[in-house]
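Sequence lines set the chain letters: A, B, ... in the order given, protein chains first and strands last, and positions in each chain run from 1.
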Amino acid sequence: MTVDGSFNSEQKVFIRRNWNKPLLKFLTKRVNDRLIYLGLPSPKAEDIIEWIEYIKSVIAFQCRNYGEVSKEGQDRTGIDELTRLLFQLEREKKINNYMVFDGWLEEIVLRGYDNSPTRIDFELHDFITLYNLDFCNKITSPIEFYDSNGDIKTAYKFDAINSLLQIQKSLTNVSNKFVLFLTVHCSYDEAEIQNFISYPPNREIGGYIQRCNYLGGHEKNARIVRLFFAYYIKQKFEAFGFTPKLLPSLFYQGLKDVNLLHFTVFGINPTNTIAGSAPTYQTLDDILNQKFISIDNLKFVNKNINFDGEKDVELNPVKLFSDSATFKYLWQTKDKK
Amino acid sequence: MKLNKFDIGGEVISILTKGMYPDPKDALREYIQNGVDALAKKINLKIRQDSIVIEDNGKGMNHEALRKAVRVGISEKNPTKNVGFLGIGIYSSFHLCDKLTIYSRGSENISNKLEMDFGGMRATLEVQKEMRLTGETKPDELIDLQTLLEKFITLTENGSIKDFEFPNVGTRVELTGLETEFYTALSNFADVAEYLRNVIPLHFDKTNFTYAEKIETEISKICEEHNQKFEIINLHLQINSKQETLYRPYKDSEFYSREKTKPLPPKFYAIQNGEFFGVAWGCLNSLRKKVENKALRGFILKKQGFSVGKRESMVKYFPRGNTFFDRYSGEIIIVNPNLIPNASRTELEYSPLRSVFYEHLTEVTEKYDALGHEYQEYTKGDDELSKLNDKIKEEIGSYNENEGNPEVLVSKIIRVKDIMNDLQGRIDRKGFRPETQKTAESLLERAKELESVFQERLKTLTEDKKKKQYMRKESALQIAKKLSQLKITKIAETNKYESLYDLLKDLEFNIDNELKEVICLIDEKFIQKDARTREEYYSLLNELKDEILNDF
């Protein structure tokens with residue numbers, strides 16, 4: 001946390017304003033409406049405030065003690081602060097609606113209710129058009145929570161994303177386009193990802209991992225985490241009939257110089273496909289062959305590492321997406337308001 | 001006698017609100033009612049764990065109106081125009097939340113904010129109460145109402161709220177720092193929705209209730225004809241993630257859920273006697289049964305759309321009690337400004353006009369009872385007509401033109417006569433609806449024709465039998481002749497038969513009365529005539545007996 005109490009580094013603020021925001025403006029036009037946000041804002045909701053003109057309503061998850069299992073008696077200050085802020089934004093008509101859940105996204109989504117004293121059930125009735133999953137820990141870091149029997153359970157990010165996509169799929173009559181931003185630490189050490197490295201799902205992936213081993217430190221980590229994320233997110237999206245489009249990954253410094261990765265995935269549930277199958281216009285190789293984008297002097301730049309034939313990428317996020325085959329083939333129709 | 005502000009203690013606000021609003025949901029009704037009185041067309045009610053917000057798009061309150069809103073028991077509202085007017089409703093959440101904040105933009109297009117620190121007021125009163133119990137405070141030292149309110153109510157300077165803080169049109173009521181019990185009582189969506197559906201002047205459900213549109217239109221029309229307005233609002237309820245636009249509770253399926261059916265079209269009656277009181281509407285269950293949903297059985301009294309009392313309290317105004325009342329679902333909507341509900345909304349306030357209203361209400365309820373009765377008779381008549389028609393068909397279908405069994409014919413005639421009696425009875429007491437009366441009459445004619453066909457056949461059958469009997473008489477004569485020509489040789493065994501009839505009976509011939517007469521005649525003409533003595537007569541009869549025994 002910075003001195004002013006914010007959780008944001010300069011680079012994060014820059015990304016929010018210059019990467020996410022133009023994309024949200026673009027998406028707002030495509031869905032012909034302001035967006036429904038589901039995410040993990042800080043108590044000051046800097047992301048929501050930054051994007052407020054594009055956000056219609058907010059579904060927020062706010063944990064109590066960072067890094068601890070949720071339980072009674074923990075301080076609710078952050079939850080109350082966020083709630084007051086959203087309450088005010090609603091009164092000021094900047095947003096139409098909001099909902100704050102007390103606890104970790106993973107536990108609430110998977111268990112079905114939050115940790116509020118009067119327990120609020122987790123229900124989604126709207127198609128989420130903007131996910132901002134700013135996890136700020138490792139991609140496979142699990143959280144622990146108490147289930148309804150009082151037993152400790154473990155929940156993973158990808159399990160929660162899976163559940164969210166499942167609900168999202170059931171709401172595709174409302175809308176079918178969305179974007180998912182996901183931020184994680186550029187490191188890994190949990191068994192899941194180690195297992196993925198030791199037993200890669202196919203030979204190509206195994207080869208890529210081997211080549212990454214030539215790199216050291218966070219350059220290697222960034223590529224392994226990107227591979228892991230891209231491989232699973234593509235699977236999850238396609239399993240629920242959503243065609244994903246991953247934009248190049250952002251590699252930047254957070255507070256205390258922690259290396260972070262910011263992923264952007266557009267999803268669409270194409271309306272005219274053969275039952276259950278979503279066409280894809282981007283392979284895993286396409287994603288892995290892209291250079292990372294980093295921030296230099298508050299400008300986006302291609303991260304200049306020569307590795308495995310990685311190519312420079314366009315730095316304008318809107319152009320990146322609007323020039324893609326996915327956009328050309330699937331995103332041409334605007335939603336009716 | 002002169003009183004001063006110290007004569008009314010602050011505790012009075014706690015006592016009043018506790019008594020007047022026993023159900024936490026009553027507070028929601030009060031704030032929504034203010035929106036309706038402010039001519040709002042739409043009201044949003046959002047209930048979350050930390051807050052309740054009631055937002056309307058009505059005409060709002062200016063600084064002066066907000067100032068006056070805090071008065072206790074003095075209202076600027078016109079009781080003849082508004083439902084809420086008692087000047088206490090703003091305090092209805094006194095025991096339920098720590099803070100009530102009202103933002104409103106009035107006619108001058110300036111936003112103002114009123115804050116009422118109920119938590120502070122309650123804490124002050126609580127401390128006082130404890131000090132009284134321990135004797136630390138004397139009654140004269142207790143805080144008075146005026147001081148309590150002044151201390152804990154804040155109204156911003158006129159115009160000091162910036163536009164962006166409250167850009168809305170209308171009024172926004174915020175309840176924050178909710179008591180846990182209050183929130184718990186309001187966290188069940190179905191419960192709160194049901195309560196509001198019954199007490200708030202909502203639209204009718206056009207998707208699920210066939211007559212929704214018709215009822216709204218007709219009531220408005222009748223009210224307009226009498227220079228009154230029928231108010232309806234859109235209410236959107238949200239409790240945490242769940243939200244829904246609420247409608248009045250009437251649906252086709254509430255009448256009878258197991259079959260896809262709808263109630264009878266609504267009947268409307270203006271309740272009036274020179275003076276217009278309001279309109280009643282009611283839909284009768286089309287299945288001659290009670291309305292399935294008990295909560296919707298009968299009529300509810302409403303002042304505009306706000307319920308006054310419960311449905312069951314209206315039964316006493318229906319002459320036939322629950323008999324037909326329970327088969328209706330409807331409302332008695334009062335729009336007369338001079339009929340006012342009491343503070344707890346359980347009854348109309350006592351007034352001479354109230355008595356006149358109830359008197360004229362009975363004229364309307366009698367009509368509903370009569371309609372119920374008539375429908376009961378008519379539908380029974382329909383059923384009966386259908387059954388009798390089937391019976392007639394059955395009699396025709398099972399009839400054989402060559403029926404030879406008179407017993408079958410007699411049974412058929414009895415059954416057709418029963419059908420005729422049933423039809424005639426219901427026709428005589430006008431038990432068929434006018435449009436089916438002719439059908440019933442023609443069915444009766446058909447039954448009569450059928451009866452005459454059966455009678456005719458029976459007659460034919462009787463005549464045939466007589467003919468057969470005559471034939472049988474002929475053959476008896478021939479037998480007698482034959483007997484007379486028999487050659488009598490000897491008497492094997494002499495029996496002293498007193499007559500030919502005795503002889504034949506001894507031989508076990510079956511002889512009916514007619515035949516007996518014939519035999520006696522033969523006996524006299526042919527046998528007795530030939531015998532000179534009784535012994536000879538016995539002998540002849542015995543000879544005859546032998547002949548018969550040999551021949552048969």
Worksheet item: Does a sphere of radius 6.0 Å around NZ in B/Lys42 hold more than 12 heavy atoms from other residues, nucleotides or ligands, not counting ones at 6.0 Å or beyond?
Response: no
Worksheet item: Are more than 12 heavy atoms from other residues, nucleotides or ligands located less than 6.0 Å from atom NZ of A/Lys25?
Response: no
Discussion item. Give the interface residues of residues 154-172 of chain B toward chain A, defined by a heavy-atom separation under 4.5 Å.
Written reply: B/Phe164, B/Glu165, B/Phe166, B/Pro167, B/Asn168, B/Arg172
Discussion item. Is it the case that the side chain of B/Arg48 and the backbone of A/Tyr98 share a donor-acceptor pair, with hydrogens and angles ignored and the cut-off at 3.5 Å?
Written reply: yes
Worksheet item: Are A/Arg84 and B/Asp50 side-chain neighbours, meaning at least one heavy-atom pair lies under 4.5 Å?
Response: no
Discussion item. Tell me whether the count of non-hydrogen atoms from other residues, nucleotides or ligands lying under 6.0 Å of CD in B/Glu181 goes above 12.
Written reply: no
Discussion item. Working to the nearest 0.5 angstrom, can you tell me the gap between B/Glu174 CD and A/Glu90 CD?
Written reply: 8.5 Å
Worksheet, complete the sentence: Here the pair of heavy atoms bringing A/His125 nearest to B/Ser241 is CD2-O, 3.2 Å
Worksheet item: chain A heavy atoms under 4.5 Å from B/Ser187: which part of the residue, side chain, backbone, both or neither?
Response: neither
Worksheet item: Has A/Arg76 got more than 12 heavy atoms of other residues, nucleotides or ligands less than 6.0 Å from its CZ?
Response: yes
Worksheet item: More than 12 non-hydrogen atoms from neighbouring residues, nucleotides or ligands closer than 6.0 Å to NZ on B/Lys25, yes or no?
Response: yes
Worksheet entry | When A/Asp121, A/Thr83, A/Asn97, A/Ile59 are compared by non-hydrogen pairs under 4.5 Å with chain B, the top option | A/Asn97
Item to complete: Tell me, for A/Phe101 versus chain B, whether the close heavy atoms (under 4.5 Å) come from the side chain, the backbone, both or neither.
Response: side chain
Worksheet item: What's the spacing between B/Gln238 CD and A/Asn96 CG if we round to 0.5 Å?
Response: 10.5 Å
Worksheet item: Hey, are the side chains of A/Arg91 and B/Glu55 touching, using non-hydrogen atoms and a 4.5 Å cut-off?
Response: no
Fill in: Whether over 12 other heavy atoms sit under 6.0 Å from B/Glu213 CD
no
Discussion item. Please determine whether the number of non-hydrogen atoms from other residues, nucleotides or ligands lying under 6.0 Å from atom CD of B/Gln243 exceeds 12.
Written reply: yes
